[in-house]
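Here the structure comes first, spelled out in structure tokens, and everything after it is commentary.
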Number of protein chains: 2
Amino acid sequence: MTTDQTPLTPIVPVAFGQRRQEVVARIKDYIVANSLKPGDPLPTETELCEAIGASRSSVREAVKTLAALDIVEVRHGHGTFVGSLSLAALVESLAFRGLLSGEDDHRVLGQVVEVRQTLEQGLSSQIINNTTRADHARLLDLAQEMVERADRGEDFLEVDRQFHLKLMEPLGSDLLLQLTEAFWQVQAIVAPTLRPEPPAHILTARLHVAIAEAIAQGDESDLRTAIADHYAPVRSAIAQAHRRG
Amino acid sequence: MTTDQTPLTPIVPVAFGQRRQEVVARIKDYIVANSLKPGDPLPTETELCEAIGASRSSVREAVKTLAALDIVEVRHGHGTFVGSLSLAALVESLAFRGLLSGEDDHRVLGQVVEVRQTLEQGLSSQIINNTTRADHARLLDLAQEMVERADRGEDFLEVDRQFHLKLMEPLGSDLLLQLTEAFWQVQAIVAPTLRPEPPAHILTARLHVAIAEAIAQGDESDLRTAIADHYAPVRSAIAQAHRRG
DNA sequence: TGGGATTTGTACGTATGTATA
DNA sequence: TTATACATACGTACAAATCCC
């Protein structure tokens with residue numbers, strides 16, 4: 001027998017001006033009811049129209065809404081699939097706010113930095129208790145690569161990203177990993193409006209080494225301090241920009 | 001003279017299969033370039049079509065994408081406006097994930113609780129240092145109202161929400177407030193799948209009083225403990241459900 | 001290699017519900 | 001109440017991408 005499948009629910013009688021929202025709900029229900037996982041195929045647009053009882057325009061607009069939340073993913077000429085359920089929407093949302101606040105006002109950026117620091121400091125003891133020697137070595141490697149690249153005048157964005165993800169990885173929380181990724185991306189998008197000078201880059205790179213060493217030595221107090229120091233350059237750049245503006 | 005206004009950029013020559021994304025970018029650019037604020041009106045759909053040079057379908061789908069991120073807000077029969085830039089998308093995204101993970105697996109819920117606790121504990125000292133006597137009184141009032149309602153067998157969801165928002169309010173960070181609101185909502189949506197017993201509710205309510213008292217007395221250590229205790233009932237309910245599943 | 005079938009992307013026309021003056 | 005402006009919804013036609021035989 002084929003796998004039992006919960007069908008899509010037709011709309012039938014719904015007030016005007018709510019078709020799209022209803023279609024959104026139907027598609028979400030369909031995914032939940034059938035316990036679909038990221039990558040699983042959804043019915044084609046035509047099938048969705050027939051099953052739900054809405055026009056293709058309504059279905060397409062609903063699908064676009066879900067796509068913005070990464071609940072579904074649409075591939076041109078191929079089909080519609082369950083999305084990867086990332087926090088891409090959070091990145092979009094916060095990054096736009098950061099850019100909208102403008103050149104002079106870096107409030108959003110400052111608040112993002114504050115949250116990042118709070119999370120990393122707050123999880124210090126758990127990071128120390130859940131990292132292995134291999135983790136320590138990897139973190140030190142990444143930190144040293146950042147220093148080398150900074151000294152050569154190269155950027156080390158991607159290495160920095162990997163470092164902060166690696167920091168959270170041992171905690172085994174998808175949510176923490178994705179929040180880290182999201183906030184990191186927001187900062188990466190918005191921070192360039194600060195136009196920080198290279199010396200700050202070099203200092204920031206070196207301060208990652210202190211973080212890695214504190215973890216390796218299992219010193220929680222040192223780790224919290226190192227994390228705070230590491231965010232200091234960005235903080236001061238924000239404060240400086242605020243004085244200029 | 002009227003206010004100078006940066007116009008919408010036409011698309012002109014763009015690869016097929018990217019119209020909608022281009023329109024999304026144009027609208028975002030338009031908002032940023034004109035420094036529009038939440039509630040400010042955007043051009044009508046017709047005007048957007050003409051100015052950008054895309055069909056109504058493309059424009060509508062693009063607007064729906066932006067609406068999902070709360071970057072724009074559409075009012076039927078009235079017009080399109082800049083959205084309130086909330087984290088509604090984060091709530092949608094996480095809540096869906098929580099519901100999708102199913103009755104048996106409350107991983108997402110557990111991770112949300114972990115993040116909430118980490119943030120509140122990590123901000124303990126700042127909460128203590130930034131609250132006034134009026135804040136202390138208000139927090140105690142809310143906590144006591146929760147106890148009363150719990151004793152009467154009523155739910156105290158809304159009071160709980162206000163309590164946790166009030167906790168973050170003195171820190172003056174929009175982002176922290178909205179993250180608090182978002183995570184709270186996710187928990188409020190997903191937690192009912194746990195079907196916790198009333199005794200846990202009463203205990204949870206009482207533990208809010210301990211939080212409020214610790215803040216009033218300025219004891220950071222007590223506050224961190226009280227926060228951890230306050231999340232203990234949910235944690236154990238999650239663990240219990242995990243054993244059952 | 002190619003070509004046809006499937007599926008999504010774009011465009012346009014029309015009718016209708018909704019909000020405001 | 002009427003008039004106007006606006007978003008909502010449906011249907012059709014065709015373009016473009018992907019897949020498979």
Side-chain angles (χ1 to χ4, degrees), chain A residues 8-27 30-31 36 38-84, chain B residues 8-27 30-31 36 38-84:
Chain A
L8 283 154
T9 312
I11 286 190
V12 201
V14 78
F16 200 92
Q18 298 186 359
R19 283 284 192 288
R20 192 186 53 261
Q21 291 180 17
E22 288 293 328
V23 176
V24 166
R26 294 296 173 283
I27 295 177
Y30 176 83
I31 296 175
L36 300 185
D40 286 348
L42 266 58
T44 66
E45 288 181 353
T46 312
E47 291 169 337
L48 287 174
C49 294
E50 294 169 354
I52 299 180
S55 72
R56 192 169 168 217
S57 323
S58 299
V59 169
R60 280 184 60 83
E61 288 176 15
V63 167
K64 264 58 200 173
T65 295
L66 291 170
L69 302 173
D70 203 13
I71 288 177
V72 308
E73 179 187 351
V74 181
R75 298 181 212 156
H76 187 178
H78 192 191
T80 308
F81 306 82
V82 177
S84 48
Chain B
L8 284 154
T9 313
I11 285 189
V12 203
V14 77
F16 201 94
Q18 298 185 359
R19 282 286 194 286
R20 192 184 55 258
Q21 293 178 18
E22 288 292 329
V23 176
V24 166
R26 293 298 173 284
I27 296 177
Y30 176 83
I31 295 174
L36 300 184
D40 286 348
L42 266 58
T44 67
E45 287 183 354
T46 312
E47 289 170 336
L48 287 174
C49 294
E50 293 170 354
I52 300 180
S55 73
R56 206 180 176 92
S57 325
S58 301
V59 169
R60 280 184 62 82
E61 289 177 13
V63 167
K64 266 57 197 174
T65 295
L66 292 170
L69 302 174
D70 203 11
I71 288 177
V72 309
E73 178 188 351
V74 181
R75 297 181 213 157
H76 189 174
H78 192 193
T80 307
F81 306 82
V82 177
S84 48

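All of these numbers come straight from a predicted model, not from anything done at the bench. Order of the sequence lines sets the chain letters (A, B, ...), proteins ahead of strands, with each chain counted from 1.
- Atom CD in E61(A) sits about 13 Å away from atom P in dT10(C), given to the nearest Å.
- Contact annotation for R20(A): backbone-only contact, meaning every heavy-atom pair under 4.0 Å involves sugar-phosphate atoms and none involves a base.
- A close approach under 4.0 Å does occur between a side-chain nitrogen or oxygen of R19(A) and OP1 or OP2 of dC10(D).
- Atoms OG and CD, on S57(B) and E45(B) in that order, are 10.0 Å from each other to the nearest 0.5 Å.
- At the phosphate of dT6(C), neither OP1 nor OP2 sits under 4.0 Å from any side-chain N or O atom of T44(A).
- We find the CD-OG1 distance between E61(A) and T65(B) to be 9.5 Å, quoted to the nearest 0.5 Å.
- Within the structure, every side-chain polar atom (N or O) of T46(B) is placed at least 4.0 Å from both OP1 and OP2 of dA5(D).
- The CD atom of E50(B) sits 14 Å away from the P atom of dA5(D) (whole-angstrom rounding).
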Can you tabulate the close N/O pairs, meaning under 3.5 Å, that link protein atoms to atoms of nucleotides 13-21 of chain C?
unit_1, atom_1, unit_2, atom_2, d
dG17(C), N2, H76(B), NE2, 3.4

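- For E45(A), taking side-chain heavy atoms from C-beta onward, the closest of the listed nucleotides dC10(D), dT8(C), dA7(D) is dT8(C).
- With respect to V24(A), the side chain to side chain contact (heavy atoms under 4.5 Å, CB included) criterion is satisfied by exactly one of L69(A), V59(A), I71(A), L66(A): L66(A).
- Side-chain contact check for L42(A) versus L36(A): some heavy-atom pair is nearer than 4.5 Å.
- Contact between the side-chain N/O atoms of S55(A) and the OP1/OP2 oxygens of dC10(D) is found at a separation under 4.0 Å.
- Within the 4.5 Å cutoff, side-chain heavy atoms of I31(A) are placed close to those of V72(A).
- In this entry the distance linking CD1 of I52(B) with C1' of dT10(C) reads 15 Å, nearest Å.
- Counting only heavy atoms from C-beta on, A54(A) has its side chain closest to dC10(D) among dC10(D), dA7(D), dG9(C).
- If you measure from atom CG of L42(B) to atom P of dC6(D), you get 13 Å, rounded to the nearest angstrom.
- When the P atom of dA9(D) is taken as reference, atom CG of L48(A) falls 16 Å away, rounded to whole Å.
- Atom CZ of R60(A) and atom OG1 of T80(A) lie 8.5 Å apart (nearest 0.5 Å).
- Rounded to a whole Å, the CD atom of E47(B) is 6 Å from the P atom of dC6(D).
- Judged by distance alone, the side chain of Q21(B) and the main-chain N or O of Q18(B) form no donor-acceptor pair under 3.5 Å.
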